[in-house]
There are 2 protein chains.
Amino acid sequence: MLHSHNDPPAAVEAGGLSRYSEQKRRQILQAAFRLFLRHGFEATTMDAIAREADVSKATVYAHAKNKQELFAGIVAGRAALIYGSVELQGAESAAPEDALSRFARHFIQLILSPEAQGIYRLVVAEAPRNPELGRIFFEQGPRAVTQRLAAILEAQVRTGHLNVDDPLAAAQEFLGMLHGKFHLPCVLGVAGQPPVEELERAAERVVRTFLKVYGSMR
Amino acid sequence: MLHSHNDPPAAVEAGGLSRYSEQKRRQILQAAFRLFLRHGFEATTMDAIAREADVSKATVYAHAKNKQELFAGIVAGRAALIYGSVELQGAESAAPEDALSRFARHFIQLILSPEAQGIYRLVVAEAPRNPELGRIFFEQGPRAVTQRLAAILEAQVRTGHLNVDDPLAAAQEFLGMLHGKFHLPCVLGVAGQPPVEELERAAERVVRTFLKVYGSMR
DNA sequence: GTCTATATGAAGATAGAC
DNA sequence: GTCTATCTTCATATAGAC
């Protein structure tokens with residue numbers, strides 16, 4: 001069996017982990033994530049992860065207690081990263097059309113990105129057998145985004161730019177509409193990745209619809 | 001190993017299948033569906049299906065070519081059944097508030113039913129490795145419902161009760177909003193099954209929001 | 001920490017008797 | 001069609017050397 005030559009572990013450094021180990025750790029996490037995305041949790045084997053990461057299986061087990069923990073750690077971590085990236089700078093002070101537009105464009109591209117779709121599939125599939133994973137994903141992902149949007153809406157209400165009775169409910173309507181046209185067909189592989197212009201058009205339409213309901217200057 | 005006593009197959013009847021065989025077929029399909037819902041595709045074994053159906057594994061293979069086909073057949077069949085049940089009688093002629101209300105209440109209870117949620121998880125999880133399954137589910141399920149709703153909206157536009165520019169887009173907005181508050185948390189197991197009254201309130205809110213945008217008498 | 005080698009158990013699928 | 005028994009492959013996880 002081929003594998004790269006192995007230097008002996010370097011001396012342990014400040015953090016308590018050798019450089020060597022850190023690199024293997026990254027290899028393992030990346031390989032595992034790639035394979036989980038491609039084959040799902042059950043169909044991904046520890047053998048395949050070791051092969052893809054170019055380490056031995058025993059090394060994989062040295063870095064992760066078992067397959068479950070490897071999986072949950074990776075997926076939760078990536079989900080938080082991705083959903084945390086929704087850009088909201090200055091959204092409270094901008095004109096509502098602009099704030100909502102920017103938010104909508106970011107969000108729709110986020111949820112249609114291949115990585116976000118892959119994570120969505122994994123979490124939806126495994127949540128019943130791994131409730132903690134479902135909880136972490138939901139709270140750090142969709143729920144966090146919803147709450148941030150609700151906060152923006154509330155700020156816009158205070159400045160008189162919007163007229164929203166229930167910011168949380170309105171935020172859920174807004175995000176629901178943004179899923180509308182593309183999310184499910186893409187997740188199911190029925191539609192390919194839509195071109196950016198089409199996404200922007202869809203986002204703009206949702207913003208216009210939303211402002212017809214909650215815009216305060218009509 | 002325990003199993004029920006086996007009578008020899010009864011004489012073949014009109015349809016070409018013995019009663020005996022039809023019963024085992026039902027046992028197998030039901031058992032497989034239960035297990036797929038509970039454990040997902042990969043983690044469900046043919047051994048377990050045979051055990052749960054109280055037949056031998058060879059009998060399972062006599063009724064289904066392999067695990068893939070057993071799975072796809074069951075899931076697609078149940079999905080079509082469930083989504084086909086959305087009640088739309090007379091929706092074109094009723095007042096738009098009533099038509100949309102009835103539709104919304106049915107739809108939101110449909111997508112939150114345990115069986116629909118289970119199928120959703122299975123299809124989302126396996127669609128990348130089984131594109132045909134994703135396509136069939138989408139077309140017979142969500143897409144069919146969306147188109148029926150769009151047709152209702154169009155009829156309401158013709159009678160002057162609604163003012164919708166793009167019935168398909170509006171239908172997608174409506175259905176997206178109906179997913180909004182409950183669908184994801186329930187699919188992820190973060191929230192339990194909400195009580196019916198709460199679902200009705202949520203449905204009513206969406207209808208009101210929708211009519212603020214597309215109602216023609218304001 | 002990292003490797004090779006292996007223990008242990010199941011998986012999907014089929015053979016062959018009835 | 002249905003069973004029991006089995007083939008073959010491969011899974012998760014660990015032991016033991018370095």
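Protein chains get the first letters and strands the later ones, always in sequence-line order, with residue 1 at the start of each.
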Participant: Taking only the side-chain heavy atoms of Asp47(A) (C-beta and beyond), determine which of dA13(D), dA11(D), dA11(C) contains the nearest atom.
Facilitator: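 Minimum distance to the Asp47(A) side chain belongs to dA11(D).
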Participant: Just report the end-to-end axis angle for the helix from dG1(C)-dC18(D) to dC18(C)-dG1(D), five pairs per end, to 10 degrees.
Facilitator: 0°
Participant: Classify the nucleic acid contact of Ser56(B) as base, sugar-phosphate or nothing, counting any heavy atom under 4.0 Å across all strands shown.
Facilitator: base
Participant: If you only use heavy atoms from C-beta on, which nucleotide in dG1(C), dG12(C), dT2(D) is closest to the side chain of His63(A)?
Facilitator: dG1(C)
Participant: Which residue lies toward the 5' end of DNA chain D, Ala43(A) or Ala58(A), if each is placed at its nearest nucleotide?
Facilitator: Ala43(A)
Participant: Atom NZ of Lys65(A) to atom C1' of dT12(D): distance rounded to whole Å?
Facilitator: 13 Å
Participant: For the pair Lys24(B) (side chain) and Val60(B) (backbone), establish whether a donor and an acceptor sit closer than 3.5 Å, ignoring hydrogens and angles.
Facilitator: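 Side chain of Lys24(B) to backbone of Val60(B): no pair is present.
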Participant: I need the CD1-P distance between Ile49(A) and dA11(D), as an integer number of Å.
Facilitator: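 Roughly 11 Å, once rounded to whole Å.
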Participant: In whole angstrom, what separates Leu35(A)'s CG from dA11(D)'s P?
Facilitator: 12 Å
Participant: Using whole Å, what does the distance between atom C1' of nucleotide dA10(C) and atom CD of Glu42(B) come to?
Facilitator: 14 Å
Participant: Is there a donor in the side chain of Gln68(B) and an acceptor in the side chain of Asn130(B), or the other way round, less than 3.5 Å apart?
Facilitator: yes
Participant: Decide yes or no on side chain to side chain donor-acceptor pair (under 3.5 Å) for Gln172(A) and Thr146(A), but give the supporting numbers first.
Facilitator: CA-CA 7 Å; Gln172(A) 287 162 341; Thr146(A) 307; 5.9 Å; no
Participant: Do Lys57(B) and dG12(C) share a donor-acceptor pair, side chain to base, under 3.5 Å?
Facilitator: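 Yes, a donor-acceptor pair under 3.5 Å.
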Participant: Under 3.5 Å, is there a donor-acceptor pair between the side chain of Glu52(B) and the main chain of Ala32(B)?
Facilitator: no
Participant: Rounded to whole Å, how long is the line connecting atom CE of Met46(B) with atom P of dT8(D)?
Facilitator: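 Taking atom P of dT8(D) as the reference, CE of Met46(B) is at 20 Å.
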Participant: Looking only at the side chain of Tyr61(A) (C-beta and beyond, no hydrogens), which of the listed nucleotides dC3(D), dT14(D), dT14(C) gets closest?
Facilitator: dT14(D)
Participant: Not counting sequence neighbours, list each pair that qualifies as a salt bridge (Lys or Arg N to Asp or Glu O under 4.0 Å) and has a residue in residues 107-131 of chain B.
Facilitator: Arg78(B)-Glu115(B), Glu126(B)-Arg129(B)
Participant: Just the rounded figure in Å: distance from P of dT2(D) to CZ of Arg25(B).
Facilitator: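 Arg25(B) atom CZ is separated from dT2(D) atom P by 9 Å.
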Participant: Between dT12(D), dT2(C), dC3(D), which nucleotide gets closest to the side-chain atoms of Lys67(A)?
Facilitator: dT12(D)
Participant: Less than 6.0 Å separating the ring centroids of His179(B) and Phe107(B)?
Facilitator: yes
Participant: Has the side chain of Gln117(B) got a donor or acceptor atom that lies under 3.5 Å from a matching backbone atom of Val187(B)?
Facilitator: yes
